[in-house]
Peer 1: 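Got a structure for you, questions after.
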Amino acid sequence: MPEAALLGALRGLAPEGAGLGWADPRADHALMPGEAVPGAILSRQREFAAGRAAARAALAAFGVPAQALPMGADRAPVWPAGVVGSITHTAGACLAVALPSARCRGIGLDLEEDHPLDPDLWEMVLRPEERAGMTGAQAKAVFCAKEAAYKAQYSVSRTLYGFDGMRVNWRGAAFDAVFTQAVPPFDAGAQVEGQVVRVAGHLLALARL
């Protein structure tokens with residue numbers, strides 16, 4: 001299990017003072033009252049419970065007591081007052097990051113298995129100007145970056161939009177996810193900064209405001 005490698009990579013991406021957490025989504029983790037995914041299949045229940053376990057570990061890292069983290073009406077985690085955080089998982093690993101909102105307006109985390117993006121998804125994920133000369137591995141990195149950037153901005157905008165709502169500009173492993181349309185309070189042209197790394201057979205992206 002790549003726990004140490006993934007946590008080490010996340011530590012290198014996360015803001016100073018952020019709490020980090022990891023859990024195995026194939027194992028059983030206890031839920032707290034108020035946390036539930038009614039009707040979900042067993043694998044989804046385990047992923048959800050692992051996400052909450054990882055999130056509680058991240059919160060504990062900077063002194064927040066263990067507490068329920070229910071799912072909101074928009075299906076996003078409801079973090080404690082004064083905290084921003086993000087949860088992500090693949091079939092074999094779950095990660096979470098959290099920190100006081102006084103230090104960060106929003107943070108987004110995405111973990112993907114390091115496989116090329118399915119060509120059937122290119123048109124949905126990539127804007128026309130992003131496709132030129134793109135390989136499947138690069139396309140997957142764009143997907144990962146956009147997922148992390150979307151999560152980071154969502155805690156502020158609470159707005160749903162498609163992959164075409166952002167364009168990714170690369171600076172080595174770092175990126176700027178640029179809004180191609182206004183998503184209040186963000187204007188078109190506003191940017192979410194982040195970074196993507198390859199580690200232990202995964203792509204790991206963290207973006208923050």
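All values derive from a computational prediction rather than experimental measurement.
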Peer 1: As an exercise, state the distance from CZ of Arg46 to OG of Ser43, rounded to the nearest 0.5 Å.
Peer 2: 9.0 Å
Peer 1: Where is the tightest heavy-atom contact between Ala53 and Ala23, given as atom of each residue plus distance?
Peer 2: CB-CB, 4.2 Å
Peer 1: Does the plane of the ring in Tyr161 sit parallel, tilted or perpendicular to the ring in Tyr150? Use 30° and 60° as the thresholds.
Peer 2: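 Tyr161 vs Tyr150 ring planes: perpendicular.
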Peer 1: Side-chain contact test, heavy atoms from C-beta onward, threshold under 4.5 Å: evaluate it for Trp170 versus Val168 and give yes or no.
Peer 2: yes
Peer 1: With a 4.5 Å cut-off on side-chain heavy-atom distances among I, L, V, M, F, W and Y, is there a chain of contacts connecting Leu121 to Phe143?
Peer 2: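 Both belong to a single hydrophobic cluster.
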Peer 1: Give the minimum heavy-atom separation between Gly92 and Asp24, together with the two atoms involved.
Peer 2: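 Smallest heavy-atom distance, with atoms named: O-OD1, 4.1 Å.
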Peer 1: Check whether any side-chain heavy atom of Ile87 sits under 4.5 Å from a side-chain heavy atom of Cys94, and report yes or no.
Peer 2: yes
Peer 1: Side-chain contact test, heavy atoms from C-beta onward, threshold under 4.5 Å: evaluate it for Leu10 versus Leu204 and give yes or no.
Peer 2: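 A side-chain contact under 4.5 Å exists here.
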Peer 1: Between the main-chain N or O of Ala18 and the side-chain N or O of Arg103, is there a donor-acceptor pair closer than 3.5 Å?
Peer 2: no
Peer 1: When you measure from the side chain of Thr180 to the backbone N and O of Asp164, does any donor-acceptor pair fall under 3.5 Å?
Peer 2: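 The answer is yes, because a donor-acceptor pair under 3.5 Å joins these two groups.
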Peer 1: If you round to the nearest 0.5 Å, how far is CE of Met166 from CD of Glu130?
Peer 2: 11.0 Å
Peer 1: Just by modelled atom types, is the Leu69 backbone N or O under 3.5 Å from a matching donor or acceptor in the Glu35 side chain?
Peer 2: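 Pair found, side chain donor or acceptor close to backbone of Leu69.
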Peer 1: Just so I know, are the side chains of Val84 and Arg105 near enough to count as touching, which here means a heavy-atom distance under 4.5 Å?
Peer 2: no
Peer 1: Quick check on Arg75: does its CZ atom have over 12 non-hydrogen neighbours (other residues, nucleotides or ligands) under 6.0 Å away?
Peer 2: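 Incorrect, the count does not exceed 12.
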Peer 1: May I ask whether Ile107 and Phe186 are part of the same hydrophobic cluster, defined by side-chain heavy atoms of I, L, V, M, F, W, Y residues being less than 4.5 angstrom apart, directly or through others?
Peer 2: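 No, separate clusters.
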Peer 1: Could you please spell out the steps behind the side-chain contact (heavy atoms from CB on, under 4.5 Å) verdict for Asn169 and Arg171?
Peer 2: CA-CA 7 Å; Asn169 296 332; Arg171 297 177 281 107; over 6 Å; no
Peer 1: Taking all atoms of both residues into account, what is the closest heavy-atom pair of Ala5 and Ala200, and its distance?
Peer 2: CB-CB, 4.1 Å
Peer 1: Is the number of heavy atoms from other residues, nucleotides or ligands within 6.0 Å of CD (Glu123) greater than 12?
Peer 2: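 Incorrect, the count does not exceed 12.
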Peer 1: Answer whether the closest heavy-atom distance between the side chains of Val199 and Leu6 falls below 4.5 Å.
Peer 2: yes
Peer 1: Would you compute the distance between atom NZ of Lys140 and atom CZ of Arg198 and round it to the nearest 0.5 angstrom?
Peer 2: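 Reported to 0.5 Å precision, the distance equals 9.0 Å.
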Peer 1: Determine whether more than 12 heavy atoms belonging to other residues, nucleotides or ligands lie under 6.0 Å from atom CD of Gln191.
Peer 2: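 Atom CD in Gln191 is packed in, count exceeds 12.
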Peer 1: Locate the shortest heavy-atom distance separating Leu126 from Lys146; write the atom from each residue and the value.
Peer 2: CA-NZ, 4.3 Å
Peer 1: Distance check, rounded to the nearest 0.5 Å: Leu13 atom CG versus Arg208 atom CZ?
Peer 2: 9.5 Å
Peer 1: Is any side-chain heavy atom of Thr88 less than 4.5 Å from a side-chain heavy atom of Lys151?
Peer 2: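 Counting from C-beta outward, Thr88 and Lys151 do come under 4.5 Å.
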Peer 1: Would you say that Phe175 contacts Val192 through its side chain, given a criterion of any heavy-atom pair below 4.5 Å between the two side chains?
Peer 2: no
Peer 1: Check whether any side-chain heavy atom of His202 sits under 4.5 Å from a side-chain heavy atom of Asp114, and report yes or no.
Peer 2: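 No, their side chains stay 4.5 Å or more apart.
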Peer 1: With the 4.5 Å side-chain cut-off for hydrophobic clustering, are Val83 and Val97 part of the same group?
Peer 2: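 Different clusters.
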Peer 1: Kindly write out the residues that satisfy salt bridge (charged side-chain N to carboxylate O under 4.0 Å, His left out) with Asp118, not counting sequence neighbours, or none if the list is empty.
Peer 2: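 Asp118 satisfies salt bridge (charged side-chain N to carboxylate O under 4.0 Å, His left out) with no other residue.
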Peer 1: Grouping I, L, V, M, F, W and Y whenever their side-chain heavy atoms are under 4.5 Å apart, do Leu160 and Met124 come out in a common cluster?
Peer 2: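 No: no chain of side-chain contacts under 4.5 Å links Leu160 to Met124.
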Peer 1: Looking only at non-hydrogen atoms, find the nearest pair between Phe62 and Pro100 and report the distance.
Peer 2: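 Closest approach of Phe62 to Pro100: CE1-CD, 3.8 Å.
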Peer 1: Can you tell me how far apart CG (Leu99) and CG (Leu59) are? Round to the nearest 0.5 Å.
Peer 2: 10.0 Å
Peer 1: Measuring from Glu112:CD to Thr90:OG1, what's the distance to the nearest 0.5 Å?
Peer 2: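 OG1 of Thr90 is found 8.5 Å from CD of Glu112.
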Peer 1: Considering residues at least two apart in sequence or located in another chain, which fulfil the salt bridge (charged side-chain N to carboxylate O under 4.0 Å, His left out) criterion with Glu129?
Peer 2: Arg127
Peer 1: With clusters defined by side-chain heavy atoms of hydrophobic residues (ILVMFWY) lying less than 4.5 Å apart, directly or transitively, does Val64 cluster with Met32?
Peer 2: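 Different clusters.
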Peer 1: Which heavy-atom pair separates Leu95 from Ala54 by the least distance, and what is that distance?
Peer 2: C-CB, 4.3 Å
Peer 1: Got a donor-acceptor contact below 3.5 angstrom from the Trp122 side chain to the Leu117 backbone?
Peer 2: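 Yes, Trp122 side chain to Leu117 backbone: donor-acceptor pair under 3.5 Å.
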Peer 1: Can a donor-acceptor pair be found, under 3.5 Å and without considering hydrogens, that links the side chain of Arg52 to the backbone of Leu31?
Peer 2: no
Peer 1: His29 side chain to Gly51 main-chain N or O, any donor-acceptor pair under 3.5 Å?
Peer 2: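 Here the side-chain-to-backbone pair does not exist.
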